[in-house]
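Here the structure comes first, spelled out in structure tokens, and everything after it is commentary.
Sequence lines set the chain letters: A, B, ... in the order given, protein chains first and strands last, and positions in each chain run from 1.
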Number of protein chains: 2
Amino acid sequence: MKQKPVTIYDIAKEAKVSTATVSRVIANNYPVSEKTKKMVLDLIKKYDYQPNAVARSLTKKESKMIGFILPDITNPFFAQVFIEAEKYALTKGYTLILGNSMNSNEIESKYLRDLSERQVEGIIFMGGRINKSQPDHMEINELKDVMNKIPVIMVNGKIDGINCSSVHTNEAKGIDLVIEHLVSHDHKKIGLIGGVKGVTTTDIKVNAYWRSLTKHGLLMKENWQIYSGYDVDSGRKAVETFIHVNESDLPTALIGINDLVIIGALKACRQNHLHPFSFVGFDNTDLTKNATPEITSVSHPYKDLGEKAIDLIIHTKTMKPEEIWLDPYLAIRESTNRPH
Amino acid sequence: MKQKPVTIYDIAKEAKVSTATVSRVIANNYPVSEKTKKMVLDLIKKYDYQPNAVARSLTKKESKMIGFILPDITNPFFAQVFIEAEKYALTKGYTLILGNSMNSNEIESKYLRDLSERQVEGIIFMGGRINKSQPDHMEINELKDVMNKIPVIMVNGKIDGINCSSVHTNEAKGIDLVIEHLVSHDHKKIGLIGGVKGVTTTDIKVNAYWRSLTKHGLLMKENWQIYSGYDVDSGRKAVETFIHVNESDLPTALIGINDLVIIGALKACRQNHLHPFSFVGFDNTDLTKNATPEITSVSHPYKDLGEKAIDLIIHTKTMKPEEIWLDPYLAIRESTNRPH
DNA sequence: CTGTTAGCGCCTTCAG
DNA sequence: CTGAAGGCGCTAACAG
């Protein structure tokens, strides 16, 4: 089964030319006579010769690989960004290596190291340590070590003390869009649920929420903003505390820190026969389209996010750190209506 | 920012030993005096030296990378398997390279080629060409070419004319489980929707469906099995044709070829005020847990699927092709009840 | 247009 | 226990 691989040398020998010539016809970046070119090409086909990318990487000192570290590809939000990045990278001749950290710091570190040893030309980082407002020293230092060797860029994240390029969804603007939308549907009492205080993206959204309420002169009740986490169950729990705490004075619309949370909230409301709510998610994952009712959600500019991330890696060698901000948009669906 | 990388040679020089010695302390597989070992280790730390995995791959002729080609990582079914494989691979010292084919034949071919050039030690293949009952010659030949060089293994797929190792979910058994479950809840009229005739997994499920109905002596109506595709919309469409074709004589339970289809069906039923149905999905993705009601679904043995796939790659060098069949189980949820 | 010659960074005999 | 030397497969000057 495993045949010994044919090398550029084998081809050269049989073609009675030098390896340099073979290399040239493969790279096709240098004049070679039509005749020898054809001959070499024929042999390449005959033996199904494939250049050894590892050897090439070693000589050229470029691996044409880019690392991508994220917490969990099973999460459609990350998967969306990743796949856009991959599609784009492919057109540029790059291959991505995905590292799922599973929210484990050690695995994150392991991949950081592994990818760098594998000579990836850059690492795209999403989630994990780059979203903590208080990352520890070790974590920062590891990143810095890697950044001494290859460019690291962050998607929707930022760490104090690390100065690298990044692409961001303007999530604050996303919240603005939601609230404008709700206000235009006559909602005056709007709640925000989910997330964890101290996680960058949560903080951004929460701040934007309060700012936007103020701007629209809406009622602000501290109890209408509830931290609870990021999964479906967090959404359910949030609704329950909600009912407890706010009793009769409930908002007419609920914004989830992400889609999972709002789905949990929707389920909980249904179980408790609470219908006056409008629901808005964040991330615009498939979940929102598949839910009943279909849920309005803020969408990241996935394509741009992925493509810019790749561009930053490819070009960062020659550029100084750059921060790119991209606007989200609102995917409006059935879950937002006028309050009764 | 980009400092010139420190090599094994730099370390050797400063330690006044040979590169061989440094190599030995790194590999830690050969006697080296404690003193020089410590010295080298200190220097490695001092310069944050990391061995160049590309160079190592070249000399050792092993890349410690495994390729994984699948249609779309955004699909939680594939993502599940991939992530289990990745976790396991990591413990074995391997890194996975993911290739999303986006259901494009060309991309599939491109990755097949790219991964093989990158010297991955094997390729795990899911979906795409390995699920067609009539793959074309080109597709098969490409696979064969690759298989001459490195092991290829298939997950839940098989092609005539290709003889390689594979891991499978026993999907027929999954259908059996569903029907038993439904029968035990007094269902006698059971439908199956979704899928495409000629796609291996669909064919398996459809065959199992008829066989199981026979076995239980249930009513078999040709119109109760409807091909329609794999996405949410296919589910919706299936229900609509259903209503058209079967008019008053509707089954009391519906099985979806996968979770997406059953979710579409659920939505359509709700819109048409059709409530007597019980619903069962296939794949046990998060979708089923997040739906309302939560949907009963057949679960693949994800962990085993992923781990066996890796094992097959790692060990296949010394073994002859092997076919592993794993049993699914039924995740029972709210969507299956007794018929009225 | 083509061949020769050095490496790329590391590992692995083979001698000490 | 340690060093010297060769080579993995390919590319990039440098000569012709």
Using OP1 and OP2 only, check whether a side-chain N or O of [X] sits under 4.0 Å from [N].
X        : N       : value
Ser18(B) : dG3(D)  : yes
Thr36(B) : dT2(D)  : yes
Tyr30(A) : dA13(D) : no

What does [X] touch in the nucleic acid at a heavy-atom separation under 4.0 angstrom: a base, only the sugar-phosphate, or nothing?
X        : value
Lys35(A) : nothing
Ser57(B) : nothing
Pro5(B)  : nothing
Val17(A) : sugar-phosphate

When you get a sec, tell me which of [options] is the closest nucleotide to the side chain of [X]?
X        : options                   : result
Ser33(B) : dC1(D), dC8(D), dT2(C)    : dC1(D)
Ile8(B)  : dC10(C), dT11(D), dT13(C) : dC10(C)
Leu58(A) : dT11(D), dG9(D), dA13(D)  : dG9(D)

Between dC11(C) (P) and Asn28(B) (CG): distance, integer Å: 13 Å

Length of the CD-P vector between Glu117(A) and dG9(C), whole Å: 15 Å

Whether Trp325(A) and His168(A) hold their rings parallel, tilted or perpendicular, with breakpoints at 30° and 60°: parallel

Carboxylate-amine/guanidinium contact Glu106(A) Lys110(A), below 4.0 Å: no

Atom of Ala15(A), atom of Leu43(A) and distance for their closest heavy-atom approach: CB-CD1, 3.5 Å

Candidate list Asn156(B), Leu143(B), Leu70(B), test side chain to side chain contact (heavy atoms under 4.5 Å, CB included), partner Phe125(B), passing option: Leu143(B)

